[in-house]
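Single-structure report; data block below.
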2 protein chains.
Amino acid sequence: MKRTSITDIAKATNLSISTVSRVINGKAEEYRIGKKSQKLVLETAKRLNYKPNHAAAHLRSGKSRTIALLIPTLDNPFFASLASKINNDLREEGYTTILSESGENLEREKEILRNLLSRNIEGLIMVPCGQEFSHILELKNKELPIVCMDRYIDELDLPYVSTDNYFGAFEATKLLINSGHRNILGIQGELQSIPNQQRALGFTAALKEANIDQVNLKGDSFSVQNGYLETKLALQNADIPTAIFAFSNTIALGCLKALKEDRLSIPGDVSLICFDDHPFLEFLSAPITSVAQPVSDIARLSTRFLFSLIGKDPLESQKMLFKPQIIIRNSIKKI
Amino acid sequence: MKRTSITDIAKATNLSISTVSRVINGKAEEYRIGKKSQKLVLETAKRLNYKPNHAAAHLRSGKSRTIALLIPTLDNPFFASLASKINNDLREEGYTTILSESGENLEREKEILRNLLSRNIEGLIMVPCGQEFSHILELKNKELPIVCMDRYIDELDLPYVSTDNYFGAFEATKLLINSGHRNILGIQGELQSIPNQQRALGFTAALKEANIDQVNLKGDSFSVQNGYLETKLALQNADIPTAIFAFSNTIALGCLKALKEDRLSIPGDVSLICFDDHPFLEFLSAPITSVAQPVSDIARLSTRFLFSLIGKDPLESQKMLFKPQIIIRNSIKKI
DNA sequence: AAAATATGAACAAACGTTTGTTCATGAAAA
DNA sequence: TTTTCATGAACAAACGTTTGTTCATATTTT
């Protein structure tokens, strides 16, 4: 059972293909199609249950009405939330989103971008996963509108939207210091990612400002396992840190697991603060103080930036770092 | 700067378009293209940085190599996790996924499906959001391969993959009953969804089996807010329930919030069990016992079913309900 | 009455592939 | 030598749109 095409409607109405096309695309007035013809076309389209063939329109017009969203993984609630918001924003603008996950795997990222290019995406919002970026540069040179989100790549001078991770980490660390902590363990995530690097810098700077020489920064992944492992290791040492700064809530979950195994309590034995808020942090055995990123703002501005690029509008600004908000709970002990 | 097409390669190599196409699609042997020509085409393609135009291939061949995944929202970790796994499975099979979120909104679901149809998707994995299904029936009649996941629609006789929600709820409720609870509040989610209905039935059946007449089942949404509200209300009554069965972990989060506000402890004052596991449940002030759905199995089998339909392979079975697993923690008090 | 303009719609090319078919050429068989 | 066959590749149509242009007819203006 063949689908009805614009040609079928043309035949059924005794009008030409171009007329039908113009009516269906709302260009009837512009091309002076008579009211009667308009009505006839629309009715016939409905009667024959016409569905436009996107591939044909895309091929002819060169417009795919498709935007790609590339994130590390949906299993991280921070990215899932970003994806959800962007997905809906784009849909409301009439775009279809192709959502891809790199899994922090550079080769996969490259392969995905190759495929997306074949599909003539009109724009790309991405969280780059690696330090390598020649493949992204290639896209930029093809004048594909690209916005980086959360992570970005200084060398590429692409528009980006992220959190002021330096500030957030600095403030978080100061919070610990102001509560009297001097032996603080930082557990970081993906080393090559800019947010992680900024957090590391903020962490270090706050320590330095307080004249704390020993910078104890461990770990290499935004995973529960990494948090667990590094905490376990730290607890084996002679001088256990009095506070831990987990660079993500997933890492914090790992800390929690390790601390629980060793029957250490928060904040009694060890204080804890983490990046990225989550509803459940409120209800943990000790409610964890966190550095909350403004997820909605990041998502919204990313799409705004992208549409500016697509529309060739001048961007008010190419880059934005939102200030995070520290949500005080009860995981830091005054000592 | 125009993109290089197959035609450009044909010109550059002095071969015909069809020959180039066949080489690039790996049909060289089948059509007896000489080794030299093959090599020449491949090299020229690389040299000119050729990227296939998917829209053109799609239009001509009728194959979109695209599959749609339609879920309620990525903000629910259960769906996000399903989406992530399916997305990756499909990518490995060479398909591109269009991920859409209905937001539990029937009209949006319809609009999305209309759009997807325009894009000639080759298959659909969906979590239907409503009780209405004429639009889905239409797709089925068009012989679009469809698999339902988590939720399904009895009337449509579509293949589905889900959890045995009746069994899970029955066992969960029995667990409470066996611990001596008789005044149990069930807080349910979307009323029209089959999993919710099955959970409600399992809940009720277990109570009945224990000769508990009073079936206390409230709520109407898989949201934190719903859990919070219903718990608040319940706590206002004279006889506070001794146990709560939250039909999702998001609902449980709401219960937690309400209980905390009223300074009631788990399991001391109120026992709690919920559907859907999550890592953080382990680390709550009271680790919550949960009914874990086999997310990976559901995702994997859904794609298996879909590929069977696409390949017109006979399905071993059209329907599958996996048994959930109850993960015992420490949120139920023996009374 | 002729010229100019407005109105409504048709023509036809193009987008970049895929694919069924045909066509040379040279080698092997008769 | 003629016929058959294998090899390698070209031809050309088609997929369903969009879109720049042209064309008739009717109406208005001069």
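Numbers restart at 1 for each chain; the letters A, B, ... are given by sequence-line order, proteins then strands. Source: prediction; values computed, not measured.
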*Could you tell me which non-hydrogen atom of B:Ala83 sits nearest to which non-hydrogen atom of A:Glu101, and how far apart they are?*
O-OE2, 4.3 Å
Tell me the interatomic distance from [X], atom [atom1], to [N], atom [atom2], rounded to whole angstroms.
X        : N      : atom1 : atom2 : value
B:Ile9   : D:dA9  : CD1   : C1'   : 16 Å
B:Lys27  : C:dT17 : NZ    : P     : 14 Å
A:Glu29  : C:dT7  : CD    : P     : 12 Å
B:Ile6   : C:dT19 : CD1   : C1'   : 11 Å
B:Lys11  : C:dT17 : NZ    : P     : 12 Å
B:His58  : D:dA14 : NE2   : P     : 19 Å
B:Asn120 : C:dT18 : CG    : P     : 16 Å
B:Glu30  : C:dG20 : CD    : C1'   : 12 Å

Any base atoms under 4.0 Å from [X], or only sugar-phosphate, or nothing? Heavy atoms, all strands.
X       : value
B:Leu15 : sugar-phosphate
B:Ser5  : sugar-phosphate
B:Asn14 : sugar-phosphate

*Is a donor-acceptor contact shorter than 3.5 angstrom present between the side chain of A:Arg60 and the base of D:dT18?*
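Side chain to base: pair found, below 3.5 Å.
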Could you pull out the protein-nucleic contacts involving nucleotides 21-26 of chain C (nitrogen or oxygen on both sides, under 3.5 Å)?
none

*Evaluate whether atom NZ of A:Lys319 has more than 12 neighbouring non-hydrogen atoms of other residues, nucleotides or ligands under 6.0 angstrom away.*
yes
*Assess whether atom CZ of B:Arg300 is packed by more than 12 heavy atoms of other residues, nucleotides or ligands within 6.0 Å.*
no
Have [X] and [Y] got a donor and an acceptor in their side chains that come within less than 3.5 Å?
X        : Y       : value
B:Arg119 : A:Thr66 : yes
B:Thr7   : B:Lys11 : no
A:Ser5   : A:Asn53 : no

*So, are A:Arg304 and A:Glu93 salt-bridged, with charged N and O less than 4.0 Å apart?*
no
*For A:Thr19 and B:Gln38, take the nucleotide of DNA chain D holding the closest heavy atom to each; which residue's nucleotide lies nearer the 5' end?*
B:Gln38
_Short side-chain N/O contact from B:Asn53 to OP1 or OP2 of C:dC15, under 4.0 Å_ = no
_OP1 or OP2 of D:dC11 under 4.0 Å from side-chain N/O of B:Ser16_ = no
Between [options], spot the one nearest the side chain of [X], thanks.
X       : options                : result
B:Leu59 : C:dG16, C:dT19, D:dT18 : C:dG16
B:Ile33 : C:dG16, D:dT18, D:dA9  : D:dA9
B:Ser18 : C:dT19, D:dT19, C:dG16 : C:dT19

*State yes or no: are the ring centers of B:Phe222 and B:Phe79 separated by less than 6.0 Å?*
no
